[in-house]
Protein chains: 2
Amino acid sequence: METPWFVPPSDFLGRLSGSTRDALYALGHRIAYRKGDAVFQPGSPGDNVYILTQGRIKIFALSPVGRTVILWFCFPGEIFGLAEMARAGRREVASEACADSEALVIPQFRFKEFLQRDGEAAMLVVDLLSCRLRGLADMLLNLTSDDVTTRLVKLLIRLSARYGKPVSDAETLLDISLTHQEIADMIGTTRQSASTALNALKRQGLLSVKKHCIHIQNGKMLEDLVTNPVTAAAQTSAGSSLQIVRPF
Amino acid sequence: METPWFVPPSDFLGRLSGSTRDALYALGHRIAYRKGDAVFQPGSPGDNVYILTQGRIKIFALSPVGRTVILWFCFPGEIFGLAEMARAGRREVASEACADSEALVIPQFRFKEFLQRDGEAAMLVVDLLSCRLRGLADMLLNLTSDDVTTRLVKLLIRLSARYGKPVSDAETLLDISLTHQEIADMIGTTRQSASTALNALKRQGLLSVKKHCIHIQNGKMLEDLVTNPVTAAAQTSAGSSLQIVRPF
DNA sequence: TTTGGTCTGTCATCTGGGCGACAGTGCAGA
DNA sequence: TCTGCACTGTCGCCCAGATGACAGACCAAA
């Protein structure tokens, strides 16, 4: 596909040269987090930049009403907590360890100096932010124009494109453990609706779930569901009499 | 207010030094656009960066279903078309002149060189992208947790904070001409719903509209509507028997 | 092995707002 | 001055999905 409809992620650390990376590592110190720990919270000073070395953390926004919107995940090697760096403002989003994790914590001013010296690295940061920007624009579009099922399918495709381990031809294992609540928070719906939509896909034989990890059985068909919904619906209803996915 | 709930914008050109600005201007050439012209479209090569010198342009995403999501506006002095710069990919969003406009068009590779040389400017770009990132995160949050009226009110506050001309104490004039369709596209709803919500606010005496420009009559009360909805609803219903804005 | 907490699955109910429809307004160009 | 097109205002219908409720599954710690 020439232009994938989902936004490919940007890999920051992986694109730094070895020596640059070492220089960067020398600027900070390591901190460990237990599952569920907050790395930073809205309102806390944004005076550090983080590079995840182990585990997984999620970046999310909280509404006063109590709703959570998961903006993105960070995996080892990825950098986060950047947005407040430039102007050293307060955090407006929250971050929490999804598993026991460890991060390299770099004081904001040092990282800034580092970037000013190394134009190459600065461009990578620009690239990274651009990617995330597009990612959010994409979410926004999904949210306003797709129904829950479609949003869920697109999420799965996006996740598997980035984090999936191919098992066989069409099968992919997403070995990141997600609760239904988290899935819901990623596509802007409720736990119940996410649960229902997920089970509908399960019943169609498109995926299975074991130990909170999603196993995509038929990636091709899953993609058809969003790129060409009409024929996809026809296909699935041919196999089973279930007609859960709307024709358009 | 210590931490405004809306995201303040970042001013790129205004924060460059005079000489740097001149250097930047020397890198590109000017192009004029008529109202309604597309500056770039999804799929077109992202090989330029733009600095608006006159007029106003909007950046928006288009869904295959035909829905439009306006991501942000650019005003004179602002830079846009950045996101595809770093990796020189294809455009994923569209931009269109809202009025007759003129922009300085800089080839992507030149701007990149410029940034690599000037660490200061690079940091401003990082800052700019961070701001937009937060802006989109905010929209995402609004979209999932607020109803149409609240989204509209928040939009108005945000716009007036940035582009409003204070007329008197509580009165502000937003002299950017917006159609109901555009308003709808900014808050992820339909033209009809935006129209209805806007008229409800009009009837409450909070604003008036002349020549497609919104005149905010009572900014304070408008803000109360979203920061403390319960009392605000009580206030308004005391004056008129209309009870359009939901209590919470 | 029990217990408590978190997560899942699935209802029945209610409603915000999407959608189509259509009449009215007003500007811009002939 | 006329004509057409783009925009506005409002209604009624209808449904996707939010909400609340509750029973069962699973797991980790005691």
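Chain letters run A, B, ... following the sequence lines, proteins first, then strands; residues in each count from 1.
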Asks: Measure the distance from CD1 on Ile187(A) to P on dA16(D) and round it to the nearest whole Å.
Replies: 16 Å
Asks: What I'd like to find out is whether the side chain of Ser101(B) reaches to under 4.5 Å of the side chain of Leu52(B), using heavy atoms alone.
Replies: yes
Asks: Are OP1 or OP2 of dG18(C) and a side-chain N or O of Thr190(B) less than 4.0 angstrom apart?
Replies: yes
Asks: Are any of His212(B)'s side-chain N or O atoms less than 4.0 Å away from OP1 or OP2 of dG26(C)?
Replies: no
Asks: Between Leu143(A) (CG) and dA16(D) (C1'), how many Å, whole number?
Replies: 14 Å
Asks: For Glu182(B) and dT8(D), what is the distance between atoms CD and C1' respectively, to the nearest whole Å?
Replies: 14 Å
Asks: Return the nearest nucleotide to the side chain of His180(A); candidates are dG17(C), dG9(C), dG18(C).
Replies: dG9(C)
Asks: So which protein nitrogen or oxygen atoms get under 3.5 Å of nucleotides 10-13 of chain C's nitrogens or oxygens?
Replies:
from, atom 1, to, atom 2, distance (Å)
dT10(C), OP2, Arg203(A), NH2, 3.0

Asks: If you measure from the Lys or Arg side-chain nitrogens to the Asp or Glu carboxylate oxygens, is any gap between Arg34(B) and Glu96(B) under 4.0 Å?
Replies: no
Asks: Could you check whether atom NZ of Lys202(B) has more than 12 heavy atoms from other residues, nucleotides or ligands sitting under 6.0 Å from it?
Replies: yes
Asks: I need a per-nucleotide contact map over nucleotides 24-30 of chain D, read 5' to 3'. Cutoff is protein heavy atoms under 4.0 Å; write B for the base, S for backbone only, - otherwise.
Replies: -------
Asks: Give the rounded distance in Å between these two atoms: CD1 of Ile183(B) and P of dA6(D).
Replies: 19 Å
Asks: Just jot down the ring-ring contact (aromatic ring centres under 6.0 Å, His included) partners of Phe40(A), sequence neighbours excluded, or say none.
Replies: Tyr50(A)
Asks: Do Arg56(B) and Glu182(B) sit within salt-bridge range, that is, some charged N less than 4.0 Å from a carboxylate O?
Replies: no
Asks: Do the non-hydrogen side-chain atoms of Thr150(A) and Val148(A) ever get within less than 4.5 Å of each other?
Replies: no
Asks: Could you tell me if Gln217(B) and Ser208(B) have a donor-acceptor pair between their side chains, going purely by distance under 3.5 Å?
Replies: yes
Asks: Quickly work out the Lys202(B) NZ to dT8(D) C1' distance and round it to whole Å.
Replies: 8 Å
Asks: Could you check how far CG of Asp185(B) sits from C1' of dG18(C), rounded to whole Å?
Replies: 14 Å
Asks: Within the structure provided, determine whether Arg151(B) and Thr189(B) are in side-chain contact (heavy-atom separation under 4.5 Å).
Replies: yes
Asks: Minimum heavy-atom separation for Lys35(A) and Cys98(A), please, with both atom names.
Replies: CG-O, 3.6 Å
Asks: Which whole-number value in Å describes the distance from Ile214(B) CD1 to dT8(D) C1'?
Replies: 13 Å
Asks: For Thr179(B), answer base if it contacts any base atom (sugar-phosphate contacts may also be present), sugar-phosphate if it contacts only those atoms, and nothing otherwise; contact means non-hydrogen atoms under 4.0 Å.
Replies: sugar-phosphate
Asks: Give the rounded distance in Å between these two atoms: CD of Gln181(A) and C1' of dT19(D).
Replies: 13 Å
